[in-house]
Structure formats: structure tokens, C-alpha cells
There are 2 protein chains.
Amino acid sequence: MAPLHEHSDCPGCAAPDLAFATHDHAHCAADALSRAEVVTSAAGARLTPVRRRVLEILLEEHWALGAYDVLARLATEGFGNQPPVAYRALEFLVEQGLAHRIQRLNAFTACTHPGEAHAPAFLICRSCSAVAEAVAGPVRAALDEAAAQVGFSIERSTIEALGLCPACREATA
Amino acid sequence: MAPLHEHSDCPGCAAPDLAFATHDHAHCAADALSRAEVVTSAAGARLTPVRRRVLEILLEEHWALGAYDVLARLATEGFGNQPPVAYRALEFLVEQGLAHRIQRLNAFTACTHPGEAHAPAFLICRSCSAVAEAVAGPVRAALDEAAAQVGFSIERSTIEALGLCPACREATA
DNA sequence: GCTTGACCTGTTATGATATTACATTCATAG
DNA sequence: CTATGAATGTAATATCATAACAGGTCAAGC
Ligand SMILES: [Zn+2]
Ligand SMILES: [Zn+2]
Ligand SMILES: [Zn+2]
Ligand SMILES: [Zn+2]
């Protein structure tokens, strides 16, 4: 399947540090949403109103939202106001690879490059709360190697780093 | 400072896959406890009865215990039975590097090589629940490299993998 | 030996996160 | 249409974590 548009046309769109760089975020979010349509229909899944709305909410900013934050937004918009409403939609998005759970924050963030297979690593700024998906290939390879040495087979991995993003680092210095 | 004993004398004592291998666990636990005494006194901290007991409880098995599991044990032994009792002791042990928090499990596990500086990676068996500390140097290096590429400075990292340990993998096959 | 102050422990109360169970609605295939 | 499975809504509850304060322990300094 062809990409939805030429990424060479939108510098930064596929950059690994997208969340930390100034960029055309309206485009970034719209693109993620279109990709989500493709991904879900290709999987025979349904991007229903709640699910779509939750994804839109996550896509508003490059940071992570707690399930109850999402729920509060949904509730004011006429959707259900009980926890399972948010948790179920979030679980769906995670399963489809459209969102990720950040374990350290007990929160969720929209995937910045859905549709592309990836075992992500996250960089979390403790100052501005931005969350970026880093290039995780080499990290994951090193982890696989360490696991293989002791005969352990990895099925899922959690790789998260807390620290300062370039902008906040600059501001602090 | 000299090590408490010669590790060359106890094969497996410092092995990275300690938790997945059959080993002299009584020795393993006793060793960790002695090291804990050294580490805390060197830091000018006090390994009080509750703290020591919590560490002993964590050292009983190579898996992770929730704060409330630890609390239940403490309560039957005459210590306080309210959550802060367990959380405070666990927090102390984590600060001293004597225990680690496993984010995926909301649980805690005793450190298998306290006193040695290390940014750990954990291998968690989804079948038998064993938790091992893997050799994390190369993984951490790859993560640092990925972060550096986008100007992010890492302060703390969480590296955890879920999968099957050698024994459970064998059993399943 | 007393006082003082830092640290540790215990307890109450509450907050934050997550799931189970069941009723209802909706989309779609036959 | 109607049967079927998927999705949603809701109530109730389970699980994980912290704030705030009171009392106790202990060692340094007078
Ligand atoms: Zn963006
Ligand atoms: Zn920042
Ligand atoms: Zn052991
Ligand atoms: Zn196992």
C-alpha cells in the first residue's frame, strides 16, 4: 500500500524528534488520523466515534494523558462518563498500534508513526511533559541480545527514559 | 572496599541470569543482605527492622511483590498495617539501590547485585513470574545514543521485557 | 543527665488508577 | 426482518498510592 502522501514533501513529519521540534502539528495530527483510518480498516476493525474522538484528543498535543483525563473530555462531549468508556477505547487504540501506554506515567500518547511496525522507546521530558518516540531499533536489538544470552525470549518490551528535552535543557542552562 | 567474599568461589552468584538458573538461593539472599548492611552504613542510612524485614521478604524469591503483598506480611509480624509502612520501606530500599520497582507490574524486587552501580534492565517471565536483572550496559548505551541524536538528556530509564524464561520456554515447547 | 532536633514509625483519611459484571444498543449478515 | 456478535453505557468494586499528622526513638550537644 502506498503512503498517504509523500513524506519528502513535509520535512519533520517523520522525524524521530517530532515531539521536541517545532512543526506543522495540524498536519501531523491530521496525517496520523488518516493513517489510523487506513490501519483500522486494513485490520477489519472499526474506528467508531468514541475511539476516533479519543485518538483526536491524544493527538492534540505531544504528551501523555491519563485515562481519567480522557474520560473527563469524553464526558463533556456526550459520551459515557464511566472509566471503562475511556479504558476500552484506549485499549483498542493500543492494540491497533495507534497509541502507546507510558508505564512511568500511567498515561497514554498517540503514536507518531502508526502503520509502521515498531517497538518504540519513549523520551519523556520531566519539565514540559512532552513525549517523543525515539529510534528504538538499536536499543531493542541490544535488549534482544542481552535476553538471548540467558535464553529468555522477549514478547513485549517497555523502554522509557525520563530527562530533559532539548528546549527545556536550553532553558535550564 | 573489598568484596564481602570471593565471587569466584560461588559460581552463579553474580551471573546475569541468576533468577532463571538453579542456584544456592540461601547464599544468594544472605549475600544480598550483608551487602545491604554495607551499602546503607556507607551511605549513613539506617537499615531499621521494618526496612530490613521488607528486604528479607523481597529476597525470599526472585520475583516481584506488590506493596500490599509486602504490607500483609509485615502486618502478621507485628509491624504497622497501613500502606505507608510498606511504601516507605520500599522507597528507602529503592533509593539505596537495594530494590527496584518494576513498572509493568506495579511491584518491587530485590536487587541481585546491590552496591554495584547499574542502570538495570529486567526480564520478566509471564509464565512463572520470575524477574531477572539483565546485563543492561549495551542497551543503556544504545538508548543514550538515540537520545543524544535528538538532544535529549536521560536522567532515569526504565527498561523491561516481558516474555518467557528458558525453563518455561522449554516446558511450553 | 537533660534537651533538642532529626528521623522513623504508626494511623487516619483520601486520592488515583483500573477492572468486573451486566444491561442496552448498534451494525451487519443471513 | 431477525438473529448474531460487537460496541457502548453504567454501577459497583478492586487495586495502587499519597497527604497529613501524632507519637516514639535516638544520638549530639549542652
Ligand atoms: Zn505534531
Ligand atoms: Zn521539555
Ligand atoms: Zn537467588
Ligand atoms: Zn518462567
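Each chain gets a letter, A, B and so on, in the order its sequence line appears, and its residues count up from 1.
Under the 4.5 Å side-chain criterion, counting only non-hydrogen atoms from C-beta, B:Pro138 is not in contact with A:Glu145. Residues A:Ile124 and A:Trp63 have side chains not in contact (no heavy-atom distance under 4.5 Å, counting atoms from C-beta outward).
B:Tyr87 places its OH atom 17 Å from the C1' atom of D:dA20, with the value rounded to the nearest Å. Remark: P of D:dT18 and CG of B:Leu71 are 14 Å apart, rounded to the nearest angstrom. Between B:Leu105 atom CG and D:dC16 atom P there is a gap of 10 Å when expressed in whole angstrom units. Rounding to whole angstrom units, CG of residue B:Asn106 and C1' of C:dA16 are separated by 12 Å. As rounded to whole Å, 18 Å separates atom P of D:dC16 from atom CD of B:Glu91. As rounded to whole Å, 12 Å separates atom P of C:dT9 from atom CG of B:Leu90. Distance, B:Arg52 CZ to C:dC8 C1': 18 Å, rounded to whole Å.
In terms of the ring-ring contact (aromatic ring centres under 6.0 Å, His included) criterion, residue partners of A:Phe122 (sequence neighbours excluded) are, by chain and number, A:His100.
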Nucleotide N/O to protein N/O under 3.5 Å, stretch nucleotides 8-15 of chain D:
| unit_1 | atom_1 | unit_2 | atom_2 | d |
| --- | --- | --- | --- | --- |
| D:dT8 | OP1 | A:Thr48 | OG1 | 2.4 |
| D:dG9 | N7 | A:Arg88 | NH2 | 2.4 |
| D:dG9 | O6 | A:Arg88 | NH1 | 3.1 |

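Using a 30° and 60° split on the angle between ring planes, B:His25 and B:His62 fall in the perpendicular class, above 60°.
Applying the side-chain hydrogen bond (donor to acceptor under 3.5 Å, both in side chains) test to pairs two or more places apart or on separate chains, those with a residue in residues 76-93 of chain A are A:Arg53-A:Glu77.
Summarising the geometry, atom CG belonging to B:Asp144 is positioned 4.0 Å from atom CZ belonging to B:Arg140; distances are rounded to the nearest 0.5 Å.
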